[in-house]
Number of protein chains: 2
Amino acid sequence: MTARRSFARLPRERRVGDILDAARSVFAEHGYENAGMSTIAEQAGVVEGTIYKYFANKRDLLNQVLSRWYEGMVADQNDQLAGIVGTRSRLRFVIWRHLKTIATEPALCRVFFLEVRAAGEYHASDLHVLNRGYTRAAVAILREGIATGEVRPDIPVRLVRDIIYGTIEHHTWDYVCGRGGLHVEELADDLTRVVLSGIGSRCEAEPGTADRLERVADRLETLMARAGRDGGASS
Amino acid sequence: MTARRSFARLPRERRVGDILDAARSVFAEHGYENAGMSTIAEQAGVVEGTIYKYFANKRDLLNQVLSRWYEGMVADQNDQLAGIVGTRSRLRFVIWRHLKTIATEPALCRVFFLEVRAAGEYHASDLHVLNRGYTRAAVAILREGIATGEVRPDIPVRLVRDIIYGTIEHHTWDYVCGRGGLHVEELADDLTRVVLSGIGSRCEAEPGTADRLERVADRLETLMARAGRDGGASS
DNA sequence: GCAGCTAATGAATGAAGCTCAACAGCGGTC
DNA sequence: GACCGCTGTTGAGCTTCATTCATTAGCTGC
């Protein structure tokens, strides 16, 4: 990690790896704008020009740093998700996993949220594809939930996906900027609950409540009627 | 608007206004990074140095452009909101209003979403205060809803606020980047509905449930009234 | 051990934000 | 109405930083 001008011809893989490691650490520490190519070069033990042998420009370097990071995350998430059943549990896991990532790597997340989508070429980039792969899990869970009847069939699936990721991004912004804490478990619970049940009070009744109450009323009416007959007969 | 070197000593207000107008248009067209101070200066009919007489630096200029824009929006929103009653309607209005702003000024919104929070000084800036004033409306509506019983009292109010603004920001990103359309009315309906009712099927509590419950209550009241009369007469 | 290939260098380039010493219009004073 | 100081305005120049490129030097095949 410490800077040392090597002037050794390393295998391409190793050089690229060194540069990506250095770039990741410098981007995380200083953000995109304030990260200098010279700093990255120094930390990677090369000279600025060398970086341009392997990366087209600063933005490309950032994209590749984040791509490498993302690839691991997507694979990891899908592995773990395979062992979880039930719409609620699976949805909570996806939410919890995302929050956990933010809690663990706030600095890199900050760069991702801020800088990646800034580039006009985002839609053509690897990162866009990876991001879709990552959020696809949530969409799949919702579709399964609809199939099993745990989720209403008329909900706009993509909007709900955006509710999950948009809310988390918005809510964790202060933490990501180094302000305040992040209560991962509590937040995961709250968001899962609100997404599944909404905030309205009218939804608290289980289905069938009206039926049951009507039967209760029937029984009371029957009782009253009988009481009325008895009372009438005795008087 | 066309560039003309004036060398006239304009009143401070007018100069500042010219520069802000030019900056707004250039930032909207090119984004922050690709907007040149020289371009802004040219369009404002001054020389680069003049801008630094009134604004500390490029970022400060952007902040003031957005502050001026925001101030109008906040006042406007609160005015219109004053004429709307009912939690559902008020919540939908806030959502609709935000979407409408994005639909009308996607370029400025893009700059705001991307750049403003990038600065470390965001938390100390006017914009942060304005933003809190803007989103406070949603929080107030939720608290009123809890008071009137239309909203469950145990919901995390600030999380719901972030659901509203985070979801909108996330969902409209493609549109804001110039890709695809934006169906404001449909989106406002969907988001309002999901926030109020959630996505879970147990909440389906068939339409008409409330009516039926009220009829049950009517029947019970009738029974009680009759029981009271009969009981009183027989004793 | 030589030749050729190319990774690696580092000084040079150019663009963009920002500074500053000098200039010019304006208002007040005698 | 001429002088004087004040300050808005200028534009050349400084600095920083990404990016380039001619040159150098380690590796590999012959």
Side-chain angles (χ1 to χ4, degrees), chain A residues 2-24 26-27 29-65 111 114-116 118-121, chain B residues 2-27 29-65 111 115-116 118-121:
Chain A
T2 35
R4 184 90 348 108
R5 199 52 32 84
S6 54
F7 213 135
R9 292 166 80 104
L10 295 184
R12 181 191 178 90
E13 237 174 55
R14 171 74 191 282
R15 247 305 102 89
V16 171
D18 285 354
I19 295 172
L20 285 173
D21 288 343
R24 172 170 169 164
V26 175
F27 282 138
E29 188 175 359
H30 299 101
Y32 180 74
E33 222 177 352
N34 295 322
M37 291 299 271
S38 56
T39 315
I40 295 172
E42 195 183 357
Q43 208 164 109
V46 296
V47 123
E48 300 182 50
T50 304
I51 298 179
Y52 289 89
K53 187 85 196 169
Y54 301 104
F55 302 93
N57 50 43
K58 195 180 174 185
R59 190 124 244 154
D60 178 46
L61 179 56
L62 175 66
N63 282 341
Q64 296 208 34
V65 165
V111 178
L114 269 184
E115 297 298 342
V116 160
E121 330 91 47
Chain B
T2 35
R4 184 95 341 112
R5 197 55 30 86
S6 54
F7 213 147
R9 294 167 78 104
L10 294 185
R12 181 192 177 88
E13 238 174 56
R14 172 75 193 281
R15 253 295 111 88
V16 171
D18 285 354
I19 294 172
L20 285 172
D21 288 344
R24 172 169 169 164
S25 120
V26 174
F27 282 138
E29 188 176 359
H30 298 100
Y32 180 75
E33 222 177 352
N34 295 322
M37 291 300 270
S38 57
T39 314
I40 294 172
E42 196 184 355
Q43 210 164 109
V46 295
V47 127
E48 293 178 59
T50 304
I51 298 179
Y52 290 91
K53 187 84 196 171
Y54 301 105
F55 302 92
N57 50 43
K58 194 180 174 184
R59 189 125 244 153
D60 178 46
L61 179 56
L62 175 66
N63 282 342
Q64 295 208 35
V65 166
V111 177
E115 298 298 342
V116 160
E121 330 91 48

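Chain A is the first sequence line, chain B the second, and so forth, proteins listed ahead of strands; every chain is numbered from 1. We use all heavy atoms of the structure for the numbers below, so side chains are in, but hydrogens, waters and symmetry mates are not.
The two residues B:Phe27 and B:Val111 come nearest to each other via the heavy atoms O-CG2, 3.5 Å. Of all the heavy atoms in A:Ala23 and A:Val65, the pair that sits closest is CB-CG2, 3.7 Å. When all heavy atoms are compared, the tightest approach of A:Ser38 to A:Glu48 is CB-OE2, 3.6 Å.
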* Asked: Using Watson-Crick and G-U wobble pairs whose two distances are both under 3.5 Å, how do you write the pairing of DNA chain C as dot-bracket, with | for links to another strand?
  -> ||||||||||||||||||||||||||||||
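One atom, CD1 of B:Ile51, and another, C1' of D:dG8, lie 14 Å apart when rounded to the nearest Å. Rounded to whole angstrom, the span from the CZ atom of A:Phe55 across to the P atom of C:dA8 amounts to 12 Å. Residue A:Lys53 contributes atom NZ, which lies 12 Å from atom C1' of D:dT20 at whole-angstrom precision. Rounded to a whole Å, the CD atom of A:Glu42 is 13 Å from the P atom of C:dG10. Protein atom CZ of B:Arg14 is 15 Å distant from nucleotide atom C1' of D:dG8, rounded to whole Å. Atom CZ of B:Arg12 is separated from atom C1' of C:dC26 by 17 Å (rounded to the nearest Å).
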Show the distances under 3.5 angstrom between N or O atoms of the protein and N or O atoms of nucleotides 16-19 of chain D.
residue : atom : partner : partner atom : Å
D:dA18  : OP1  : A:Ala35 : O            : 2.9
D:dA18  : OP1  : A:Lys58 : NZ           : 2.9
D:dA18  : OP2  : A:Met37 : N            : 2.8
D:dT19  : OP2  : A:Tyr52 : OH           : 2.9
D:dT19  : OP2  : A:Lys58 : N            : 2.8

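Taking the side chain as every heavy atom from C-beta outward, B:Phe55 and B:Leu20 approach each other to under 4.5 Å. Put simply, the side chain of B:Asp18 reaches to within 4.5 Å of the side chain of B:Leu10, judged on heavy atoms.
At the phosphate of C:dA7, neither OP1 nor OP2 sits under 4.0 Å from any side-chain N or O atom of A:Tyr54. An OP1 or OP2 oxygen of D:dT10 is reached within less than 4.0 angstrom by a side-chain nitrogen or oxygen of B:Thr50. The phosphate of C:dA8 (OP1 or OP2) has a side-chain N or O of A:Arg15 nearer than 4.0 angstrom.
Atom-to-atom distance recorded for B:Gln64:CD and B:Leu62:CG is 10.0 Å, nearest 0.5 angstrom. Rounded to the nearest 0.5 angstrom, A:Lys58 NZ and A:Glu33 CD are separated by 7.5 Å. Distance CG/B:Asn57 to CD1/B:Ile51: 11.5 Å, rounded to 0.5 Å.
Taking 3.5 Å as the limit, the base of C:dT6 and the side chain of A:Arg9 contain a donor-acceptor pair of atoms between them.
Using modelled atom types, no side-chain atom of A:Tyr54 and backbone atom of A:Leu61 make a donor-acceptor pair closer than 3.5 Å.
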